[in-house]
Amino acid sequence: MNNLWIHPSLILICGAVLLPLIPKALKKAFLLFVPLAAFAAVLSMLGQSDALHGQFQFLDWTLTFGRVDKLALVFAVIMSGMACIGTLYGLHVDEDAQHSASWIYVSGSLGAIFAGDLFVLFLFWEVMAFSSVFLVWFRRTPESTRAGFRYLLVHVAGGLSLLAGIILWTHGKGPDAIAFDNFVKLGAAYSPAGLFILVGIIVNAAVPPFQAWLPDAYPNGTFNGSVFLSAFTTKTAVYALCRGFPGMELLIWLGVIMSLYGVVYAIIENDMRRLFAYHIISQVGYMVAGAGIGTALAINGACAHAFAHILYKGLLFMGAGSVLYMTGETRMSQLGGLYKKMPWTFLLTLIGGLSISAFPLFSGFVSKSMITAAGFQNPHLYWAAFLLMLASIGTFYCNGLKVPYFVWFGQDKCSDKVRERAGDPPWNMLAAMGVAAFLCIFLGIAYGPLYRLLPYAEVAAAYHPYNAPHIFESLQILFFTACAFFLMVRTHKIEPHAGINVDNDILYRRGGQAIQWLASKPIQAIDTAVGECYRVLGLIPLMWTTKVVDVFDRFGIDGVVDGLAERIRATGQRLRAAQSGAVQANLAISFAVAAVVIAALIYFVA
């Protein structure tokens with residue numbers, strides 16, 4: 001165990017605490033220094049052998065805050081790097097609390113990734129939940145406040161499920177039971193404890209039917225907060241699935257459903273950020289399916305796709321955030337023709353759209369194909385691989401065509417205010433987008449460094465994404481999708497329009513309204529009726545009874561007691577008057593009284 005090991009989460013937490021104390025002149029430098037220091041701490045672990053760090057004894061258990069291996073490092077590298085890019089993007093934000101909340105959020109993610117046991121995992125899992133909600137609330141709109149509470153409600157429920165599973169799993173077992181290991185190999189994946197833990201994880205992964213919190217909260221975050229939100233929560237859950245449930249067949253079904261579900265809703269969505277949020281669900285579906293397939297190639301694909309996804313999805317949210325920051329609008333039905341006023345924003349966002357679409361020479365091309373290739377290795381999983389390829393059609397349709405066309409080209413539907421405000425954002429926002437765009441292209445061309453980071457580097461080295469079948473297959477999908485899109489545009493078959501797309505969050509939204517109505521109407525009416533009955537049948541008779549008792553007490557009991565006391569007092573006064581003070585006289589009287597009493601007794605007894 002290396003006592004000099006420094007947890008990158010500790011660096012970020014200390015930075016978050018110290019930030020308000022830093023002089024304004026040094027604040028921007030400090031903002032850049034802290035995430036870079038955390039990133040450097042992660043990079044210093046590369047090349048080291050697997051090891052356990054930061055172990056502490058708690059009761060009968062040994063808590064491990066630093067399990068360093070290749071699976072943890074591939075996620076830690078990209079997440080600490082994204083912390084640097086996200087901080088640069090919001091460098092001009094003056095509110096310290098926003099930066100502190102972002103860093104604590106990242107620290108929770110990194111803490112969960114390096115957690116060597118279930119208790120530490122749960123600790124940082126909750127740090128993520130309670131810090132990230134502030135990135136929604138800091139927008140300070142009525143809708144963001146409501147969305148933040150719904151977000152917190154769902155994540156607290158997920159955390160309770162995770163905690164319940166941990167308690168069930170560790171109950172009655174030895175101290176080694178808290179280790180965060182492969183539940184599939186332990187034969188516990190489908191046990192009550194395993195399922196509770198799984199539910200706690202897939203809530204954060206936004207797996208249907210637990211997905212509605214994501215497109216509800218992320219579009220309501222601040223322009224820079226949503227960049228952080230898009231990168232960490234769901235990918236931390238993907239890491240947990242790769243660590244704890246690789247090869248669980250249920251995850252294949254859930255992942256395929258996610259990939260199609262997110263695409264369908266993105267196609268009909270009007271708001272840029274909500275569209276990108278639904279595509280998080282879709283793309284995370286690929287990773288969940290990869291974890292479910294569970295082979296070395298599939299786990300590599302899930303990790304590589306998570307790495308690429310954090311970059312291109314962060315880039316897309318930075319592009320949407322730039323539009324929001326400069327124009328105050330993200331609805332495509334209220335935008336259009338912005339390419340002349342926001343050329344750099346358009347170009348950089350387009351790179352993100354091509355990357356998520358798995359366009360050759362972009363990062364998504366070298367990561368997403370690993371998962372589908374792993375599916376095609378097993379004849380029983382052909383259906384899953386084909387459906388994942390089908391979902392990629394909608395991905396290019398939305399991110400590579402729909403958003404660029406209707407926001408930057410197409411008919412100009414901007415209001416005068418939006419048109420006047422439109423323009424490329426400040427330099428730091430463009431710089432952050434530029435770094436992410438460069439990495440999207442670099443990893444698509446020189447993918448060797450990424451493949452060497454993967455948990456099964458030998459398997460990754462044997463995989464070659466740029467083979468003729470894969471290239472022609474991708475180009476065919478992209479070409480025919482583009483043809484279909486522009487044909488529909490020319491024939492006016494598609495047009496963004498304002499509206500509400502009902503997701504399954506309608507259940508708890510309407511459920512909450514139903515509970516509120518139930519509490520304020522029928523239950524309140526029953527409570528009022530019971531209260532009135534109590535007043536009429538209980539309280540009024542009780543008050544009359546107390547009055548009667550009071551009269552009886554004052555004139556009955558008090559009269560008897562007080563009268564008897566008065567008579568005794570009067571008798572005592574008379575006896576005092578009879579006393580002369582002479583002992584002989586008193587004795588004579590006493591003897592006389594005694595004689596009279598004795599005589600009376602003898603008389604009556606005889």
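If you read the sequence from its start, that first residue is 1, and numbering goes on from there. The figures here come from the full heavy-atom set of this structure, side chains too, leaving out hydrogens, waters and symmetry mates.
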>> Using the rule side chain to side chain contact (heavy atoms under 4.5 Å, CB included), only one of T234, V238, L251 pairs with M287; which is it?
In response: V238

>> If you compare all heavy atoms of A129 against all heavy atoms of Y151, which two are closest, and at what distance to 0.1 Å?
In response: O-CE2, 4.0 Å

> Distance only, no hydrogens: is a donor on one side chain within 3.5 Å (strictly under) of an acceptor on the other, for E269 and Y278?
Replying inline: no

> Say you draw a straight line from CG of L110 to OG1 of T236; how long is it, rounded to the nearest 0.5 Å?
Replying inline: 8.0 Å

>> Over 60° means perpendicular and under 30° means parallel, so tell me whether F376 and Y382 are parallel, tilted or perpendicular.
In response: tilted

> Under 3.5 Å, side chain of K313 to main-chain N/O of I356, donor-acceptor pair present?
Replying inline: no

> Would you call K235 and I78 a side-chain contact if the rule is heavy atoms closer than 4.5 Å?
Replying inline: no

> Salt bridge or not for R331 and D271, using N-O below 4.0 Å?
Replying inline: no

> Which class fits the ring pair F232 and Y105: parallel under 30°, tilted 30 to 60°, perpendicular over 60°?
Replying inline: perpendicular

>> Can you tell me how far apart CG (L348) and CE (M429) are? Round to the nearest 0.5 Å.
In response: 11.5 Å

> Which word best sums up how the rings of Y312 and H309 line up, parallel for under 30°, tilted for 30 to 60°, or perpendicular for over 60°?
Replying inline: perpendicular

>> Between N428 and L88 (side chain of the first, backbone of the second, donor and acceptor by atom type, cut-off under 3.5 Å), is there such a pair?
In response: yes

>> Looking at every heavy atom in both L275 and C398, which two are closest together, and how far apart are they?
In response: CD2-CB, 4.0 Å

> What's the verdict on side chain to side chain contact (heavy atoms under 4.5 Å, CB included) for L453 and L73, showing C-alpha distance, side-chain angles and the deciding distance?
Replying inline: CA-CA 8 Å; L453 280 175; L73 282 175; 5.7 Å; no

>> Tell me if the CZ atom of R490 is crowded by more than 12 foreign heavy atoms within 6.0 Å.
In response: no

> Within the side chain of Y89, is there an N or O that forms a donor-acceptor pair under 3.5 Å with the backbone of M318?
Replying inline: yes

> Between R274 and N220, does a side chain to side chain contact (heavy atoms under 4.5 Å, CB included) hold up when you go through it step by step?
Replying inline: CA-CA 9 Å; R274 186 164 279 108; N220 286 300; 4.0 Å; yes

>> Is it true that H279 and N399 share a donor-acceptor pair across their side chains at a distance under 3.5 Å?
In response: yes

> Are any non-hydrogen side-chain atoms of L315 and S355 less than 4.5 angstrom apart?
Replying inline: no

> Under the 3.5 angstrom rule, does the side chain of K368 hit a backbone N or O of Y286 as a donor-acceptor pair?
Replying inline: no

> Are the side chains of I281 and P215 in touch, meaning some heavy atoms are under 4.5 Å apart?
Replying inline: yes

> Between F134 and W137, what is the ring plane arrangement, given parallel below 30°, perpendicular above 60°, and tilted in between?
Replying inline: perpendicular

>> So, taking the atom named CG in N300 and the one named NZ in K70, what distance separates them when rounded to the nearest 0.5 Å?
In response: 8.5 Å

> Is it true that a side-chain atom of Q411 and a backbone atom of K413 form a donor plus acceptor pair closer than 3.5 Å?
Replying inline: no

> Is the ring centre of Y447 less than 6.0 Å from the ring centre of Y451?
Replying inline: yes

> Given the side-chain rings of W383 and W253, with only the six-membered ring counted for Trp, is the space between their centroids under 6.0 Å?
Replying inline: yes

>> Can you confirm whether F223 sits close enough to V323 that some side-chain heavy atom of one is under 4.5 Å from a side-chain heavy atom of the other?
In response: no

> Is it the case that S109 and Y239 place a side-chain donor and acceptor less than 3.5 Å from each other?
Replying inline: no

> Would you call the rings of Y397 and F485 parallel, tilted or perpendicular, where under 30° means parallel and over 60° means perpendicular?
Replying inline: perpendicular

> Taking atom CD1 of I85 and atom CD1 of I310, what is their separation to the nearest 0.5 Å?
Replying inline: 10.0 Å

>> Could you report the tightest heavy-atom contact between L71 and P455, atom names first, then the distance?
In response: CD1-CG, 3.9 Å

>> Restricting to non-hydrogen atoms, name the atom on M326 and the atom on D424 that form the minimum distance, rounded to 0.1 Å.
In response: CE-O, 3.7 Å

>> Using side-chain heavy atoms (C-beta onward) and a distance below 4.5 Å, is F438 in contact with V435?
In response: no

>> Could you check whether any side-chain N or O of T222 sits under 3.5 Å from a backbone N or O of G225, counting only pairs where one atom can act as donor and the other as acceptor?
In response: yes

> Taking all atoms of both residues into account, what is the closest heavy-atom pair of A205 and V284, and its distance?
Replying inline: O-CG1, 3.7 Å

>> Nearest 0.5 Å, please: how far is CD in Q283 from OG1 in T395?
In response: 4.5 Å

> Is it true that atom OH of Y456 has more than 12 heavy atoms of other residues, nucleotides or ligands lying nearer than 6.0 Å?
Replying inline: no

> Crowded around E473 CD? As in, over 12 foreign heavy atoms under 6.0 Å?
Replying inline: yes

>> Tell me if a side-chain donor or acceptor on R452 pairs with a main-chain N or O of L450 at a distance below 3.5 Å.
In response: no

> Between S357 and F359, is there a donor-acceptor pair closer than 3.5 Å when you use the side chain of the first and the backbone of the second?
Replying inline: no

> In terms of side-chain heavy atoms, does T233 have a donor or acceptor partner in N204 at a distance below 3.5 Å?
Replying inline: no

>> Is any side-chain heavy atom of L241 closer than 4.5 Å to one of P246?
In response: no

> Using a distance-only test with no angle check, is there a side-chain donor-acceptor pair under 3.5 angstrom linking E95 and Q98?
Replying inline: yes

> Mind checking whether T327 and C414 have side chains closer than 4.5 Å, heavy atoms only?
Replying inline: no

>> For a side chain to side chain contact (heavy atoms under 4.5 Å, CB included) check, start with the C-alpha distance between V288 and M258, then their side-chain angles and the critical distance, and finish with the verdict.
In response: CA-CA 9 Å; V288 172; M258 287 178 72; 3.9 Å; yes

> Are any of the side-chain heavy atoms of L338 and L335 separated by less than 4.5 Å?
Replying inline: yes

> Can any side-chain N or O of T87 pair as donor or acceptor with the backbone N or O of C84 at less than 3.5 Å?
Replying inline: no

>> Go through it in stages, so that I can follow the logic: the residues are E329 and R419, the test is salt bridge (Lys or Arg N to Asp or Glu O under 4.0 Å), and I'd like the CA-CA distance, side-chain angles, deciding distance and then a yes or no.
In response: CA-CA 11 Å; E329 185 62 75; R419 194 176 297 106; over 6 Å; no

> Cut-off 3.5 Å, side chains only: do T141 and S144 have a donor facing an acceptor?
Replying inline: yes

>> Determine whether a donor-acceptor pair (N or O, by modelled atom type, separation under 3.5 Å) exists between the side chain of H155 and the backbone of W125.
In response: no

>> Looking only at the aromatic ring of each residue, does the gap between the centers of W408 and Y339 stay below 6.0 angstrom?
In response: no

>> Ring centroids only, cut at 6.0 angstrom: are Y466 and F365 within range, meaning strictly under it?
In response: yes

>> So which atom in M82 and which in V227 form the shortest heavy-atom distance, rounded to 0.1 Å?
In response: CE-CG1, 3.6 Å

> Does the salt bridge (Lys or Arg N to Asp or Glu O under 4.0 Å) test come out yes or no for E420 and K417, once each step is laid out?
Replying inline: CA-CA 5 Å; E420 181 180 348; K417 181 180 180 181; over 6 Å; no

>> Can you tell me how far apart CZ (F228) and OG (S102) are? Round to the nearest 0.5 Å.
In response: 4.5 Å

> Aromatic rings Y325 and H92: how do their planes relate, parallel, tilted or perpendicular, breaks at 30° and 60°?
Replying inline: perpendicular

> Are F307 and F75 an aromatic pair by the rule of ring centers under 6.0 Å?
Replying inline: no

>> Is the ring pair Y218/W213 parallel, tilted or perpendicular, if the boundaries are 30 and 60 degrees?
In response: perpendicular

